[in-house]
2 protein chains.
Amino acid sequence: MSNVVKKHKTAELGRPRSFDLDTALDRALRVFWRKGYEGTSLSDLTRAMRINRPSLYAAFGDKESLFRKALDRYMVRETRYWQKAIDAPTVREFVEKLLRGAAEAMSRAGSPRGCLLVQGALTCSAEAESVRRELSARRQAGEAAIRGRLKLAKKEGDLPAGADPGTLARYLTTVMQGMAVQAAGGANRTELRRVADTALKSWFGLISS
Amino acid sequence: MSNVVKKHKTAELGRPRSFDLDTALDRALRVFWRKGYEGTSLSDLTRAMRINRPSLYAAFGDKESLFRKALDRYMVRETRYWQKAIDAPTVREFVEKLLRGAAEAMSRAGSPRGCLLVQGALTCSAEAESVRRELSARRQAGEAAIRGRLKLAKKEGDLPAGADPGTLARYLTTVMQGMAVQAAGGANRTELRRVADTALKSWFGLISS
DNA sequence: TCACTTTCTGACTGATCGGTACAAAACTGA
DNA sequence: TCAGTTTTGTACCGATCAGTCAGAAAGTGA
């Protein structure tokens, strides 16, 4: 079948789209980020994206599908500091980059405050349950990534033999999620940074056992 | 005016209410706690409370008014451990009771997991904004209570002169709010307890500077 | 029994929810 | 110019939202 060739031809067929997909998705992301999945209505979305409803559905599918696309973009864009932290040579630098990166990411000027994984749907009605679970799963994946880095550190002797990577990862995750609640409540960058520094200081007490 | 006397008379006039106010309010609280303010519909409420709509409105006012009444009850009932913690003689016991009390309260069998102040409305649509702010304000009041206890400890010499009650209170609050996110995501009592113990351990590192 | 008061029940309101049908518009290749 | 294809804007869909009306029901005192 010559589907591939045909696709290239048909790609330019028909009335051209009058808006930019990336721009529109960015705008949708910002609304979901600020208001949460259920707090955002389709009217909110079309207004922010500057497109009308049928265009939204044709380009992104239904509301949940659009949210997941926005979520993917959020993960790619807003969690780069995670990889930088994980790539750090020492566990001390890892934790520092992680906590301080979170403080920055959750208080970026021009972006909604807080973390989409937390404020997207901590609770919801029955209809949005699948979205809630998706966010919960992604939070757990983040914790697993931290745990993996700590396990590596332990193997390398960068963490004492008595340290439990699972417990420590859970603790770090909890602090970061708490920072997300703080940010959602209005905490600014200075305040978040102070929390991060306090947690970092506490870290040294934890691993010196 | 003889209003007082009259009220006693009229209190027994008319058709008697066929449901118990406290029971109904408890049921409403549980729904709000589990689904959040906006995730809960009036149909959810009337079903759970086993009353119909006009009875709900007559007894509790509109949805927001009912939520605030449920919130008041939640605060009275679910944060008793706060006062016990604050009343503890030493700052060490205060922090221990606070963190462990939170772990217990957020994982009580037969109650929704997590904290209503966090999952009630971290984000919302424009209509629920006043509820979101109310919850944010109550979280901040909790932080202020912790700060007050730490200030007292500092004055008593139970905290070192270099310790900053504001920063420490913010840190403790953040950890507890993170625990609420963990609980909302399904963390059980054992896991929450482990987080609390880890934070408690970290505490000693923080105040020994 | 009967006026009076309050609650209960069920049906209803206008507004908004997420989602879609339809036809005009804007492009392509022929 | 004209068929074919895709997007556009408008107007609409049934369902559900929070909230209310009106009348029957259930109690009171006289």
Side-chain angles (χ1 to χ4, degrees), chain A residues 2-3 5-21 23-25 28 31-32 35-70 121 124-131, chain B residues 2-3 5-21 23-25 28 31-32 35-70 121 124-131:
Chain A
S2 58
N3 278 346
V5 178
K6 208 149 190 206
K7 268 182 187 171
H8 273 282
K9 275 186 183 174
T10 57
E12 298 182 359
L13 224 58
R15 178 170 175 172
R17 184 178 283 120
S18 67
F19 64 96
D20 182 61
L21 281 176
T23 305
L25 186 55
V31 183
F32 280 130
K35 299 187 163 192
Y37 178 71
E38 286 200 309
T40 301
S41 72
L42 276 184
S43 298
D44 291 333
L45 289 167
T46 53
R47 196 182 316 120
M49 298 165 84
R50 272 109 131 188
I51 62 180
N52 42 36
R53 242 167 247 232
S55 297
L56 189 159
Y57 275 83
F60 303 105
D62 65 7
K63 185 187 177 185
E64 180 172 340
S65 169
L66 171 60
F67 179 81
R68 293 185 121 94
K69 289 179 173 65
C124 62
S125 65
E127 295 81 50
E129 181 63 19
S130 71
V131 168
Chain B
S2 57
N3 279 345
V5 178
K6 208 154 190 200
K7 267 180 188 170
H8 273 283
K9 276 187 183 173
T10 58
E12 298 181 359
L13 225 58
R15 178 171 175 173
R17 183 178 284 121
S18 66
F19 63 95
D20 182 61
L21 281 175
T23 305
L25 186 55
V31 183
F32 280 130
K35 299 188 162 191
Y37 178 70
E38 286 200 309
T40 301
S41 71
L42 275 185
S43 297
D44 291 333
L45 289 167
T46 54
R47 198 182 315 120
M49 298 166 82
R50 270 108 133 189
I51 62 178
N52 42 36
R53 241 166 248 237
S55 297
L56 189 157
Y57 277 83
F60 302 105
D62 66 7
K63 186 186 176 185
E64 179 171 340
S65 170
L66 171 60
F67 179 80
R68 293 185 122 93
K69 288 180 173 65
C124 62
S125 64
E127 295 81 49
E129 181 62 19
S130 71
V131 168

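Just so it is clear: chains get the letters A, B, ... in the order the sequence lines come, proteins before strands, and each one is counted from 1.
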(message) Below the 4.0 Å mark, does dT7(C) have OP1 or OP2 next to a side-chain nitrogen or oxygen of Ser55(B)?
(response) no
(message) Each nucleotide in nucleotides 14-19 of chain D should get exactly one letter: B, S or -. Can you fill that in based on protein heavy atoms under 4.0 Å?
(response) ---SBB
(request) On DNA chain D, check which nucleotide each of Pro54(A) and Ala58(A) is closest to and give me the residue with the more 5' one. (result) Ala58(A)
(request) Report, as a single string ordered 5' to 3', how protein heavy atoms within less than 4.0 Å touch nucleotides 23-28 of chain D: B base, S sugar-phosphate only, - not at all. (result) --BBSS
(message) What is the distance, to the nearest angstrom, from the CG atom on Leu56(A) to the P atom on dG19(C)?
(response) 10 Å
(message) For Glu129(B), give me all partners under side-chain contact (heavy atoms from CB on, under 4.5 Å), at least two apart in sequence or on another chain.
(response) Cys124(B), Arg132(B), Arg133(B)
(request) Not counting sequence neighbours, which residues clear side-chain hydrogen bond (donor to acceptor under 3.5 Å, both in side chains) with Arg50(A)? List them please. (result) none
(message) Minimum heavy-atom separation for Ser55(B) and Asn52(B), please, with both atom names.
(response) OG-OD1, 2.9 Å
(message) Does Lys63(B) qualify as a cation-pi partner of Tyr57(B), given the criterion of NZ or CZ under 6.0 Å from the six-membered ring centre and within 45 degrees of its axis?
(response) no
(request) Output all residues satisfying salt bridge (Lys or Arg N to Asp or Glu O under 4.0 Å) with Arg47(A), sequence neighbours left out; order by chain, then residue number. (result) Asp44(A)
(message) Using whole Å, what does the distance between atom P of nucleotide dC17(C) and atom CG of Leu45(A) come to?
(response) 11 Å
(request) Using a cut-off of strictly less than 4.0 Å, decide whether Asn52(A) has a side-chain nitrogen or oxygen near OP1 or OP2 of dT8(D). (result) no
(message) Using the side-chain contact (heavy atoms from CB on, under 4.5 Å) criterion, which residues pair with Ala48(B)? Sequence neighbours excluded.
(response) Val31(B)
(message) OP1 or OP2 of dC8(C) versus the side-chain N and O atoms of Ser18(B): is any pair under 4.0 Å?
(response) yes
(request) Take atom CZ of Arg50(B) and atom C1' of dT9(C), then tell me their distance rounded to the nearest Å. (result) 18 Å
(request) Using the six-membered ring wherever Trp is involved, compare the ring planes of Phe32(B) and Tyr37(B) and label them parallel, tilted or perpendicular (cut-offs 30° and 60°). (result) parallel
(message) Does either side chain, that of Arg53(B) or that of Ser43(B), offer a donor lying less than 3.5 Å from an acceptor on the other one?
(response) yes
